[in-house]
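All heavy atoms count here, side chains included; hydrogens, waters and symmetry mates do not.
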Amino acid sequence: MNPKSEEDRIELQDLTIAIGSMTLKNPVMTASGTFGYGEEYAPFVDLNRLGAVVVKGLSLEPRSGNPPPRIMETPSGMLNAVGLQNIGVRDFIARKLPFLRRYDTAVIANIFGETVDEYRQVAEILNGTEGIHAIEVNISCPNVKRGGISFGACPDAAAEITRHIRSETDLPLIVKLTPNVTDIAQIALAVEAAGADAVSLINTVTGMSVDIERRRPHLANVTGGLSGPAIRPIALRMVWQVVRAVKVPVIGIGGIMTASDALEFLITGARAVEIGTANFIQPAATMEILDGIKDYMIRHKIGKITELIGSLDTGTQGNC
Amino acid sequence: MNPKSEEDRIELQDLTIAIGSMTLKNPVMTASGTFGYGEEYAPFVDLNRLGAVVVKGLSLEPRSGNPPPRIMETPSGMLNAVGLQNIGVRDFIARKLPFLRRYDTAVIANIFGETVDEYRQVAEILNGTEGIHAIEVNISCPNVKRGGISFGACPDAAAEITRHIRSETDLPLIVKLTPNVTDIAQIALAVEAAGADAVSLINTVTGMSVDIERRRPHLANVTGGLSGPAIRPIALRMVWQVVRAVKVPVIGIGGIMTASDALEFLITGARAVEIGTANFIQPAATMEILDGIKDYMIRHKIGKITELIGSLDTGTQGNC
Amino acid sequence: MNEIQSMMTGVIRENRKVASDQFMMTVILPPSFPIPAPGQFVMVREANRGEPLLARPLSVYGFQKQDDHAVLELLYRLAGRGTILFSKMKPGDEVALIGPLGKGFTIPEGLTRVLFIAGGVGVAPLIFLLQDRFLTAETEKGKKPIFYLGARNVNLLVGLERLNGLCDLKLCTDDGSQGYHGPVTELLKSEIEGYDPKETVIFACGPTPMILSLGRLLKDNPIPCQVSIEERMACGLGACLGCVVAIRGPGRKREYVRVCLEGPVFDLKEVLPTSSVDMQGSENES
Amino acid sequence: MNEIQSMMTGVIRENRKVASDQFMMTVILPPSFPIPAPGQFVMVREANRGEPLLARPLSVYGFQKQDDHAVLELLYRLAGRGTILFSKMKPGDEVALIGPLGKGFTIPEGLTRVLFIAGGVGVAPLIFLLQDRFLTAETEKGKKPIFYLGARNVNLLVGLERLNGLCDLKLCTDDGSQGYHGPVTELLKSEIEGYDPKETVIFACGPTPMILSLGRLLKDNPIPCQVSIEERMACGLGACLGCVVAIRGPGRKREYVRVCLEGPVFDLKEVLPTSSVDMQGSENES
Ligand SMILES: Cc1cc2nc3c(=O)[nH]c(=O)nc-3n(C[C@H](O)[C@H](O)[C@H](O)COP(=O)(O)OP(=O)(O)OC[C@H]3O[C@@H](n4cnc5c(N)ncnc54)[C@H](O)[C@@H]3O)c2cc1C
Ligand SMILES: Cc1cc2nc3c(=O)[nH]c(=O)nc-3n(C[C@H](O)[C@H](O)[C@H](O)COP(=O)(O)OP(=O)(O)OC[C@H]3O[C@@H](n4cnc5c(N)ncnc54)[C@H](O)[C@@H]3O)c2cc1C
Ligand SMILES: Cc1cc2nc3c(=O)[nH]c(=O)nc-3n(C[C@H](O)[C@H](O)[C@H](O)COP(=O)(O)O)c2cc1C
Ligand SMILES: Cc1cc2nc3c(=O)[nH]c(=O)nc-3n(C[C@H](O)[C@H](O)[C@H](O)COP(=O)(O)O)c2cc1C
Ligand code: FES
Ligand code: FES
């Protein structure tokens, strides 16, 4: 049907998108905590073809995380309570970043802390670092409390943390939002006003599951974060709420397993997507998704991905 | 293994539970909107064996609901945007209740309104009505707005509506909570203080899905409520949050498909469960669940269901 | 209370490709499975599977009752995930079935001319109707039924072997690869004047675009037309209110009725099908 | 970078019940599937299915490479939903496979006495190890390997035909229906004094209770013991950090390591398995 060679075909599609001052070659990124530090997936994925690699959440000091069991499968989803086990930002730079620098792909550092100052310090360390292209701030860690509510659930706290990190870095700043809130658009507006260059959503939905034979929670931590296809409709709804509220780019995350799923988010208005749990099921999921998006664009004669983004037609309806 | 006859076996298990002044023969109820007015399921289910039938949401006047398409399947779940189509409380009493009165099973009227006064009036009409054993107040209707947030998402509004209905009726009053909030325990505490005899949770989680070929939402209403197994971990987590916060009984709802699922909720502390989407998949789901709970009790030598309720052992852990 | 309905486990006897995008599944059921009326449907799921969650509605294509079992035939098009998974099932695999459901076709008294208008797999309930109710129609009260059958191309025309001899067959294809070159409703339009409204009835089933053009064609024509309508379904039992379609109710007021309970067969002049389900289909496709 | 790993589609050649709760699956894979080392595992899913979501880790039970394909054997116990669905798959059905994964057993130099301690399907990686590395052990450097194999009862003792002649077999059952009456670790305890710690190594795999009692038994015994540990897994690649187990790290500090990457084979004296996975099992069961 298509007389053009494979090479021509690909060149016809423009998939580049911008997040703040950063330009990504395509909108397919990995989600933090689901792609390790990139090297775990190098045998399966051509890292050079990714829009960006978002690495596992980094804290100031190494963290050992929660006791096992840490994961449990649920219908079309999984719960995790890893508890942000990581080697710490300095070790990451020393031992993991050199590998990623070999690739021509943006590296986004996902960061978190237990206090505002910890966040600030992690950002400070990353700021001067070669090979870090942006920072994604995880303000939805369920272990970080502030007046009983995590940073991400309170607009003021979310804004404060954003301001502190903003003052520390010129890197594009993405704030990652939690879905466990009444009005996610309000949080998005608050971090936008505080200087975020983009928001990404959603992080996991808090969930729980019980072993009825032993009458104990399946996870040692009792509750965990729900991810995977089960939460996709929730994530998509929240993306839709947020794209209509803020002006900064929105990165869609949640249960994206296929190109079709990714396209739902892009059409709804997400500028890019992050692929999480799908990597566990099919290690090359990101590549399949990227190829599928291109095929869709060819089939629908869409030259630039930006024409597709936000092209959802809701007619006259749509009271959320 | 068990030398007793089937009849003896059943009598050995005490499944009765109390919700306010109402005693139910077992904790297996149907969820509003998923069991019609009971008669739709009479060919499949011995209604006499149910703990209670919760009927489709009733409003003061008949409502025609949202335009189709109203439903869409999602991974291990479904979205619905029925829009509370119903025949109105008076027609329900005249045309549907007589059928239900023939059964020896509690009938719980699920009600909603667009204003506090509408809720109050529906409760008033039901109050004197023979064959109505309790009222479940749906304060999580996404079409009912108050300052941009539905009644169920704001503790004060939830409490106000509860107080008004409480003043109208002595029937056991169950307030049904929405999961689309930051802190469901806070709402539960507010309605408890305002006079609710019980809380039931969760209603559907707002979600969305998009037809990428036509770049339009799958539902005419754009967003819909997510139900089914996909949301079970979320529902269970919220039940756990609420049972630790309030003293009134908690009724667990959300993605319960099997006895094992129901037992997760009971063990976590739910006094009863409502079965929703499962009825669509297996019309006799409630019966299978009831039988399965009994089998479990026999296997674990539990004589009274109340011994099981809230018996979850979380050890020393459990920071939600 | 409705006729007694049941959820039963059926065992697949055969599951065979009959066109590039269509399969026929033969299911063995307990003999207690109620005899379906033409136009009724069943809700079908793979047994013992959590996903896809919902059953899929499929019209009864054929049914035979034996002493110790019943045989149900389904004709289905690969429309999406659910039907594609159906097509991968093998003999011996189990399906969970609820049915028969809904209100089938009504046969008016004293008619002599029966027209069937089918697009794609819309042929399924109409063939069952023809075989079940009109096998002897010609001899008894009038003219041979006329069956208008459309598809995108000749390879998608299914069920011809069942129709042979039972009716006058009028085939239409979008690409002209067999029969009339064009939509089935276009051919009907050119012939409609030849039918006497007083003794004619039309039974139709097909994709929404076909139903919509049939509606336009018969708008000012008094020939009665019963049409089987499709909507997404969750329960199939009238409980979820998910499957509604708008109809012109008493006093021409628009109201929503359930396809699964008040339908799936409606009076074409009353029903206002949603154009949002299955819009990919050409008029002839289903 | 690790050894090159691949996700491949395999076609089931055989999927056969070998005990009341155990199945053996034989999968045909492309010849490029890397040769697994004993103790390595694969992540297995039904291909083209959305649910269950996660792949299940299963040890390599047997592997043969041919010119144009490879044959992988898996031995699995019906533990829950995932494995029950595996057991329903038929020849010709497809599985998606990632592997081989993890760090297998290490064969120390100059040993003359090899003990295998297996509970239930824990026998799988040990049989592969025995066949792959110790077929000639007896003749080359010492005594015949001794294989302690436990199960709840005689009907659950699997793999005997593969062990015959390759080792001294010591069977144990919880109910005494064959061999020693009691847990496998109890029999070992009564015989442990007979083995010279300097020339002996133990390879073990079985349910957590067995591992825990083995740990108690060998606490003050210098015989080295490598044990294959189980934890729930999501990725199998070291990325999700879901599968951790506590080990006594340098300076006896407790730290969490990944079973999928740093394991599944650990030094018994260092690993602190979680008692919360698979606690239903008796010691002999897996
Ligand atoms: C009463 C009734 C009888 C039917 N009889 C038959 C039949 O005999 N043979 C047959 O092939 N099909 C029949 N259908 C349509 C069939 O139910 C759908 O094609 C099927 O449910 C699609 O499921 P899927 O998972 O393959 O596709 P999905 O991935 O769910 O959807 C694919 C496409 O089909 C549309 N669709 C989804 N569900 C329905 C639905 N319930 N009705 C119509 N379109 C739908 C979607 O909007 C989408 O465009 C009937 C539908 C109804 C309501
Ligand atoms: C490296 C490794 C190798 C393994 N090799 C084999 C093998 O060769 N043969 C075999 O039969 N089993 C093996 N297992 C165990 C097997 O993975 C589990 O039995 C299986 O995942 C259970 O899945 P399910 O859906 O059937 O059960 P589920 O319903 O998920 O769980 C049933 C029970 O099994 C436990 N369980 C769940 N996942 C695991 C897991 N990953 N490891 C241990 N217990 C689990 C649960 O806690 C629960 O008690 C291995 C596990 C690991 C980690
Ligand atoms: C095992 C696991 C670990 C995760 N770790 C992190 C993390 O360190 N930082 C973070 O911001 N999000 C983390 N997440 C959340 C994901 O990045 C993502 O937001 C979420 O899983 C939803 O996407 P998905 O459904 O595609 O997985 C983690 C998720 C999983 C499943
Ligand atoms: C089709 C449909 C209609 C519903 N209608 C109502 C309703 O009228 N009133 C109400 O309180 N909840 C309604 N619900 C919510 C259910 O009662 C239940 O809270 C929710 O579906 C979660 O339970 P489930 O996952 O078991 O279905 C409806 C749910 C569905 C799927
Ligand atoms: S499908 Fe549920 S009412 Fe028709
Ligand atoms: S299973 Fe993911 S790190 Fe081991």
_Contact class of B:Thr268 relative to chain A, heavy atoms under 4.5 angstrom_ =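 Contact with chain A involves the side chain of B:Thr268 alone.
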*Can you tell which part of B:Leu79 gets under 4.5 Å to a heavy atom of chain A, answering side chain, backbone, both or neither?*
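The side chain, not the backbone.
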Once you round to the nearest 0.5 Å, how far does [atom1] of [X] lie from [atom2] of [Y]?
X        : Y        : atom1 : atom2 : value
A:Ile231 : B:Thr74  : CD1   : OG1   : 12.0 Å
A:Asp211 : B:Asp313 : CG    : CG    : 11.0 Å
B:Ile212 : A:Ile293 : CD1   : CD1   : 9.5 Å

With a 4.5 angstrom heavy-atom cut-off, is it the side chain or the backbone of [X] that approaches chain B, or both, or neither?
X        : answer
A:Leu263 : both
A:Leu312 : both
A:Ser209 : both

*Name the member of B:Pro233, B:Ser260, B:Ala230 that forms the most heavy-atom pairs with chain A at distances under 4.5 Å.*
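It is B:Pro233.
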Flag side-chain contact, heavy atom, 4.5 Å: [X] against [Y]:
X        : Y        : value
A:Val205 : B:Arg237 : yes
A:Val210 : B:Phe265 : no
A:Met208 : B:Glu264 : no
B:Ile234 : A:Thr206 : no

*Identify the heavy atoms of A:Arg232 and B:Pro75 that sit nearest to each other, and give their distance.*
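Shortest heavy-atom separation between A:Arg232 and B:Pro75 comes out as NH2-CG, 3.2 Å.
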*Within the side chain of A:Thr182, is there an N or O that forms a donor-acceptor pair under 3.5 Å with the backbone of B:Thr182?*
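Checked: pair present.
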_Exam field: side chain A:Arg215 to backbone B:Ser311, donor-acceptor pair closer than 3.5 Å_ = no
